[in-house]
Amino acid sequence: MPDRAPQPVDRQLPTDEARDLISLVRDIAQREIAPRAAEEEDAGRFPRELFTLLSESGLLGLPYDSEYGGGEQPYEVYLQVLEELATARLTVGLGVSVHTLASYALAAYGTKEQQAEHLPAMLGGGLLGAYCLSEPASGSDAASLRTRAVRDGDDWVITGTKAWITHGGVADFCTVMARTGEEGPRGITAFLVPGDAEGLSAALPEKKMGMKGSPTAQLHFDGVRVPDERRVGEEGQGFAIALAALDGGRLGIAACAIGLAQAALDEALGYAAERRQFGKPIADFQGLRFMIADMATQIEAGRALYLAAARLRDAGRPYAKQAAMAKLHCTDTAMRVTTDAVQILGGYGYTADFPAERYMREAKVLQIVEGTNQIQRMVIARHLAGPETR
């Protein structure tokens, strides 16, 4: 039987440097990430040492300035790195995306002094970040957040609870949105809070159906004191910063979703080539071949969509609508493709002996995080038809 091992995605990359970067990422993924993924996800083990390796390899600050330790890569390249990492293990790909999201506020809105002081450690010094916007009663309606920061001399005192925080309890720094003024979006300010700040504690991680190796937890701020030098941007600018960060973060989720879908397709193809029924491989049956063709087409369409949005971002053009479209389409694709992969494997697909069932469980959360897909549809419709009438 011919070798049907997964073939690397044929990527159109803009430079030789980008091609070398993808080769490095594939090598790390094959040697260090993929072999341990199933065992560590089953055990719920967070691979902190892998993030240290990624930091040492220059992969935790790819889209940011080289002046502060970043890779100065276009989003078009950075997102394809995320896809490669997520193909090997979603916990790792999504973790890099969240770290990039957490670093955005300081990289885009911080003062030169703040950037010089903090960014080198954040981008290449082994630190890991968390992004703290959502709260127990404030998810899709993020502008209604209740965590409050009160001015006390040269400091701010933060009190409240953040929820659904990726890397909650293990992050070295947190980008925190807190209310400093009036109700609504204009009263929110961004802060850079150390992970070991006095008064900051993490609840037990959530017990999730998938991505068990990625800790998601509430963070409690009990009078956490931070100096004004750790305020990022102007007072009241935090919600605008949060939304700008989420546009890029949604592209990260889209790329991770396509990586996960690619892993599921590779698994389905390998199984279909080896599994024989009625005297021939099941890959020879037309019904299954049509399923595989549809899976591959959806993946290619998703990849093209997130790359088109990334190129808009790299060109400095508005891309919020395209980011929402990419997040919507790519995560829905991941759910469909992983479900079809389980179907192709039949009963084996429903067992933990094969990774298809894990891929399916992991795909579901991608339709929820960083704005549910219902929210993405609202964003897209507002760009097309204008705001809803009141």
> Is a side-chain donor or acceptor of Arg313 paired with a backbone partner of Gly316 at a separation under 3.5 angstrom?
no
> Any side-chain heavy atom of Ser214 within less than 4.5 Å of one from Lys208?
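Yes, their side chains come closer than 4.5 Å.
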> Kindly work out whether a path of hydrophobic side-chain contacts (I/L/V/M/F/W/Y, heavy atoms less than 4.5 Å apart) joins Leu101 to Leu128.
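Each belongs to a different hydrophobic cluster.
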> Any sub-3.5 Å donor-acceptor pair from His99's side-chain atoms to Ala171's backbone N or O?
no
> Could you walk me through whether Thr175 and Leu192 pass the side chain to side chain contact (heavy atoms under 4.5 Å, CB included) check?
CA-CA 5 Å; Thr175 296; Leu192 183 67; 4.2 Å; yes
> Near Arg377 CZ, under 6.0 Å, is it more than 12 heavy atoms from other residues, nucleotides or ligands?
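Yes, enclosed.
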> Short question: side chain of Ser23, backbone of Arg19 - any donor-acceptor pair under 3.5 Å?
yes
> Closest heavy-atom contact between Cys330 and Ala257?
O-CB, 3.4 Å
> Would you call the rings of Tyr348 and Tyr271 parallel, tilted or perpendicular if under 30° counts as parallel and over 60° as perpendicular?
tilted
> Do Gln298 and Asp294 pair up side chain to side chain, a donor and an acceptor below 3.5 Å, judged on atom types alone?
no
> Could you tell me whether the side chain of Met378 reaches within less than 4.5 Å of the side chain of Glu388, counting heavy atoms only?
yes
> Is the backbone of Met209 close enough, under 3.5 Å, to the side chain of Arg361 for a donor and an acceptor to pair up by distance?
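The answer is yes, because a donor-acceptor pair under 3.5 Å joins these two groups.
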> Locate the shortest heavy-atom distance separating Tyr75 from Pro63; write the atom from each residue and the value.
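Shortest heavy-atom contact: CE1-CB, 3.7 Å.
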> Carefully, step by step, assess Leu288 and Ile292 under the rule side chain to side chain contact (heavy atoms under 4.5 Å, CB included).
CA-CA 6 Å; Leu288 190 143; Ile292 289 172; 3.3 Å; yes
> Can you give me the closest heavy-atom contact between Asp65 and Leu123, atom names plus distance?
O-CD1, 4.5 Å
> Would the distance check show the side chain of Ser66 and the main-chain N or O of Gly71 forming a donor-acceptor pair, the cut-off being under 3.5 Å?
no
> Treating Gln115 as the side-chain partner and Gly110 as the backbone partner, does any N or O pair qualify as donor plus acceptor under 3.5 Å?
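Yes, the answer is positive, given that a donor and an acceptor are paired below the 3.5 Å cut-off.
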> Please check: side-chain N/O of Gln376 versus main-chain N/O of Gly371, any donor-acceptor pairing under 3.5 Å?
yes
> Suppose the criterion is ring pair (Phe, Tyr, Trp, His ring centres under 6.0 Å): which pairs have a residue in residues 213-234, not counting sequence neighbours?
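Counting only pairs at least two positions apart or across chains, no ring pair (Phe, Tyr, Trp, His ring centres under 6.0 Å) contact touches residues 213-234.
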> Could you tell me whether Glu234 atom CD has more than 12 heavy atoms of other residues or ligands within 6.0 Å of it?
no
> List the atom of Met211, the atom of Thr91, and the distance in Å for their closest heavy-atom pair.
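Nearest heavy atoms, Met211 then Thr91: CE-CA, 3.6 Å.
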> With a 4.5 Å heavy-atom cut-off, do Thr351 and Leu345 have their side chains touching?
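They are not in side-chain contact.
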> Would you say the side chain of Asp222 lies within less than 4.5 Å of the side chain of Ser201, judging by non-hydrogen atoms?
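Result no, sub-4.5 Å side-chain heavy-atom pair not found.
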> For Gln343, I'd like to know if atom CD has over 12 heavy atoms of other residues, nucleotides or ligands within 6.0 Å.
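Count not over threshold, so no.
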> Can you confirm whether Arg31 is buried at CZ, in the sense that more than 12 heavy atoms of other residues, nucleotides or ligands lie under 6.0 Å from that atom?
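Counting neighbours around CZ of Arg31, more than 12 heavy atoms of other residues, nucleotides or ligands fall under 6.0 Å, so yes.
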> Please walk me through it: do Arg358 and Glu41 pass salt bridge (Lys or Arg N to Asp or Glu O under 4.0 Å)?
CA-CA 9 Å; Arg358 171 165 60 88; Glu41 286 297 326; 5.6 Å; no
> Taking Gly126's backbone N and O only, do any of them form a donor-acceptor pair with Glu56's side chain (distance below 3.5 Å, no angle check)?
no
> Measure from NZ or CZ of Lys162 to the centre of the six-membered ring of Tyr131 and say whether it is under 6.0 Å with the direction within 45° of the ring axis.
no
> Salt bridge check: are Glu362 and Lys212 linked by an N-O gap of less than 4.0 Å?
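Salt bridge absent between Glu362 and Lys212.
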> What's the verdict on side chain to side chain donor-acceptor pair (under 3.5 Å) for Arg336 and Thr333, showing C-alpha distance, side-chain angles and the deciding distance?
CA-CA 5 Å; Arg336 286 194 298 270; Thr333 289; 3.2 Å; yes
> In the structure I gave you, are the side-chain heavy atoms of Glu300 and Gln262 within less than 4.5 Å of one another anywhere?
no
> Around atom CD of Gln12, are there more than 12 heavy atoms from other residues, nucleotides or ligands closer than 6.0 Å?
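Counting neighbours around CD of Gln12, 12 or fewer heavy atoms of other residues, nucleotides or ligands fall under 6.0 Å, so no.
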> Do Phe191 and Leu106 share a hydrophobic cluster (ILVMFWY, side-chain heavy atoms under 4.5 Å, transitive)?
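No, no single cluster joins them.
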> Indicate yes or no: at least one non-hydrogen side-chain atom of Phe46 is less than 4.5 angstrom from one of Val170.
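SC-SC contact between Phe46 and Val170 confirmed.
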> Indicate the atoms forming the closest heavy-atom contact of Val9 with Arg26, along with that distance.
O-NH2, 2.7 Å
> Taking Ile375 as the starting point, is it possible to reach Ile380 by hopping between hydrophobic residues whose side chains are less than 4.5 Å apart?
no
> Heavy-atom distance under 4.5 Å between the side chains of Val224 and Val157, does that happen here?
no
> For Glu76, is there any backbone N or O sitting under 3.5 Å from a side-chain donor or acceptor partner on Gln80?
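Yes, the answer is positive, given that a donor and an acceptor are paired below the 3.5 Å cut-off.
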> Counting neighbours of CD on Gln286 that are heavy atoms of other residues, nucleotides or ligands and sit closer than 6.0 Å, is the number greater than 12?
no
> Listed by chain and number, what are the side-chain contact (heavy atoms from CB on, under 4.5 Å) partners of Pro136, not counting sequence neighbours?
Thr161, Ala163, Gln218
> Do Val77 and Ile28 belong to the same hydrophobic cluster, where Ile, Leu, Val, Met, Phe, Trp and Tyr are linked whenever their side-chain heavy atoms lie under 4.5 Å apart, directly or via other members?
yes
> Around atom CZ of Phe285, are there more than 12 heavy atoms of other residues, nucleotides or ligands at under 6.0 Å?
yes
> Run the side chain to side chain contact (heavy atoms under 4.5 Å, CB included) test on Leu59 and Leu21 for me, step by step, so that the C-alpha distance in whole Å, both residues' side-chain angles and the decisive distance to 0.1 Å come before the verdict.
CA-CA 9 Å; Leu59 300 179; Leu21 177 61; 3.5 Å; yes
> For the pair Leu54 and Val92, evaluate side chain to side chain contact (heavy atoms under 4.5 Å, CB included) and give the outcome as yes or no after the intermediate values.
CA-CA 10 Å; Leu54 295 176; Val92 177; 3.7 Å; yes
> Any sub-3.5 Å donor-acceptor pair from Arg231's side-chain atoms to Gly233's backbone N or O?
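Yes.
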> Would the number of heavy atoms belonging to other residues, nucleotides or ligands and lying under 6.0 Å from CG of Leu384 be above 12?
yes
> Looking at CG of Leu307 and CD of Gln322, how far apart are the two atoms once the value is rounded to the nearest 0.5 Å?
13.5 Å
> Check whether any side-chain heavy atom of Thr180 lies under 4.5 Å from a side-chain heavy atom of Trp156, and answer yes or no.
yes
> Looking at Asp314 and Arg311, is there a salt bridge between them, counting it only when a charged N and a carboxylate O are closer than 4.0 Å?
no
> For Ala130 versus Ala102, what's the shortest heavy-atom pair and its separation?
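For Ala130 versus Ala102, the nearest heavy atoms are O-CB, 3.4 Å.
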> Are Arg36 and Glu49 close enough, and set up right, to give a salt bridge (Lys or Arg N to Asp or Glu O under 4.0 Å), and what steps lead you there?
CA-CA 12 Å; Arg36 300 153 48 186; Glu49 71 284 353; 2.2 Å; yes
> With the 4.5 Å side-chain cut-off for hydrophobic clustering, are Tyr104 and Leu251 part of the same group?
no
